[in-house]
There are 2 protein chains.
Amino acid sequence: MTDTPLLHRSPISRRHCNLAKSFDLIGDRWTLLILRSALYGVRRFDDFQAELDVPRSVLSKRLANLVEGGIMERRPYSEQGQRARVEYHLTRMGETLGLPFMAMTAWADRWLGGGTSPLTLRSRSTGRKLSVALVDERGKRADREDIELVVDARFSEKK
Amino acid sequence: MTDTPLLHRSPISRRHCNLAKSFDLIGDRWTLLILRSALYGVRRFDDFQAELDVPRSVLSKRLANLVEGGIMERRPYSEQGQRARVEYHLTRMGETLGLPFMAMTAWADRWLGGGTSPLTLRSRSTGRKLSVALVDERGKRADREDIELVVDARFSEKK
DNA sequence: CTATCTGAGTTGCAATAGCGAACCTAGATG
DNA sequence: CATCTAGGTTCGCTATTGCAACTCAGATAG
């Protein structure tokens, strides 16, 4: 296992790094916890609040940020004989966070859960176990040593 | 595309959720940015500081947390004719965050970068483009509708 | 037609965390 | 013996968080 070579600067400048930008949007403990719940199907203010025990004022602000960022949307609903209320649904943009969250879950199960996985993923059609991996177009897994980073020079440090 | 069914509580209680635990460790904007740089090969205090423009006091605290959490380790080094100094290396635990970060990068390129990817991944041996995906043991990609969540009942809400 | 319940917030205040600048320290160099 | 460098710490100020209480709007009950 060779160490990655020492660098003094990242190959992609922070201004151009979409990953870095994404952290402005979701790089916050409560936001991440809200998204975790939302990906499971939680949608309502009081459900988020009760499940996470997040201060209502903070929850309110975080949900507003997520809506502004396009990750969630406010959608009115009404239950029989109740006045109209509001749910927070993931947009398509929000739903696609599923994959990074699954990758993160696998990491966390391995390193923080001692290898126990409270939740596993399975193919409904084939019954096979699913996992997140780095693969080529054919589905062949790449191993760590075989990965090459290709940097688009337009996005490097000083342009 | 059917909506995920409404839930009032997540299927995994927060106490048992390793994903939720991981957010205590890395669910913070600066921590995430530090890890991004570290995965590229940045290791030194002043390099992190200059690249990220993070307050030195905050950087100091975050690095200490990462070391305490087992994600990074302090390692002494000396350059010729310089006194011994310290670098922050990712441990194996830290390195394996690469996959979640690659998944997150792909998400961010798609939704925040308008589809432009400053950085792409390629297989050194085959030259093929690599991407993060949810696959079965054979490398067959699963599509969204075909994913089943299997919950270990021991970790549900009330035990 | 007033009183109560419920879900979805807002408000106010104290405690905490973050920010930026200045300072410290230990050896190597001029 | 003054300066430089890398890796920090300290300090005062501001911004954000956490918590409890309050509001608001409609539906239902008495």
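Computed from a predicted model, the values in this text were never measured in an experiment. Only heavy atoms go into these numbers, but all of them, side chains included; no hydrogens, no water, no symmetry mates. Note on naming: letters A, B, ... go to the chains in the order of the sequence lines (proteins, then strands), and numbering restarts at 1 for each one.
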Query raised in the report: Between B:Ser123 and A:Asp146, do the side chains contain an N or O donor and an N or O acceptor separated by less than 3.5 Å?
Result: yes

Query raised in the report: How do B:Asp46 and A:Asp28 order along DNA chain D: which one's closest nucleotide is nearer the 5' end?
Result: B:Asp46

Requested in this report: Find out whether A:Leu63 and A:Met72 are in side-chain contact, i.e. whether some heavy atom of one side chain is under 4.5 Å from a heavy atom of the other.
Outcome: yes

Report summary line: Atom CZ of B:Phe45 and atom P of C:dC24 are separated, to the nearest Å, by 17 Å

Query - Donor/acceptor link under 3.5 angstrom from B:Arg56 side chain onto base of D:dG8 - result: yes

Requested in this report: Would you kindly give the CZ-to-C1' distance between A:Arg62 and C:dT10, to the nearest whole Å?
Outcome: 16 Å

Query raised in the report: For the pair made of CZ in B:Phe48 and P in D:dG7, what is the distance, rounded to whole Å?
Result: 10 Å

Report summary line: Per side-chain hydrogen bond (donor to acceptor under 3.5 Å, both in side chains), A:Tyr88 is matched among A:Arg75, A:Arg74, A:Glu73, A:Arg44 by A:Arg74

Query raised in the report: What is the distance, rounded to the nearest whole Å, between atom CD of A:Glu51 and atom C1' of C:dG7?
Result: 17 Å

Query raised in the report: A:Arg43 has an atom CZ; how far is it from atom C1' of C:dA8, in whole Å?
Result: 17 Å

Query raised in the report: Counting side-chain heavy atoms from CB outward, which of C:dT6, D:dT10, D:dT5 is closest to B:Ser57?
Result: D:dT10

Query raised in the report: For A:Leu59 and C:dG9, what is the distance between atoms CG and P respectively, to the nearest whole Å?
Result: 8 Å

Query raised in the report: OP1 or OP2 of D:dA6 sitting under 4.0 Å from any side-chain N/O of B:Tyr88?
Result: no

Query raised in the report: In terms of the nearest nucleotide of DNA chain C, which residue is placed more toward the 5' end: A:Lys61 or B:Asp53?
Result: A:Lys61

Query raised in the report: Are a donor atom and an acceptor atom from the side chains of A:Trp107 and B:Ser22 found within less than 3.5 Å of each other?
Result: no

Requested in this report: Report yes if at least one side-chain N or O of A:Ser60 is closer than 4.0 Å to OP1 or OP2 of C:dT10; otherwise report no.
Outcome: yes

Query raised in the report: Is B:Arg29 touching bases, backbone alone, or none of the nucleic acid, heavy atoms closer than 4.0 Å?
Result: nothing

Requested in this report: Whole angstrom is fine here: how far is it from CZ in B:Arg75 over to C1' in D:dA6?
Outcome: 19 Å

Report task. Determine whether B:Asp47 and B:Arg43 make a side-chain contact, defined as any pair of heavy atoms from C-beta on separated by less than 4.5 Å. Result -> no

Query raised in the report: Taking atom types as they are modelled, is there a donor-acceptor pair under 3.5 Å from the base of D:dA27 to the side chain of A:Arg83?
Result: no

Query raised in the report: Is the phosphate of D:dG8, meaning OP1 or OP2, less than 4.0 Å from a side-chain N or O of B:Arg74?
Result: yes

Report task. Could you check which of C:dA8, D:dG8, D:dT5 has an atom nearest any side-chain atom of B:Arg85? Result -> D:dT5

Requested in this report: Figure out the CG/P separation between B:Leu6 and C:dG7, and round it to whole Å.
Outcome: 12 Å

Query - Short side-chain N/O contact from A:Trp30 to OP1 or OP2 of D:dT17, under 4.0 Å - result: no

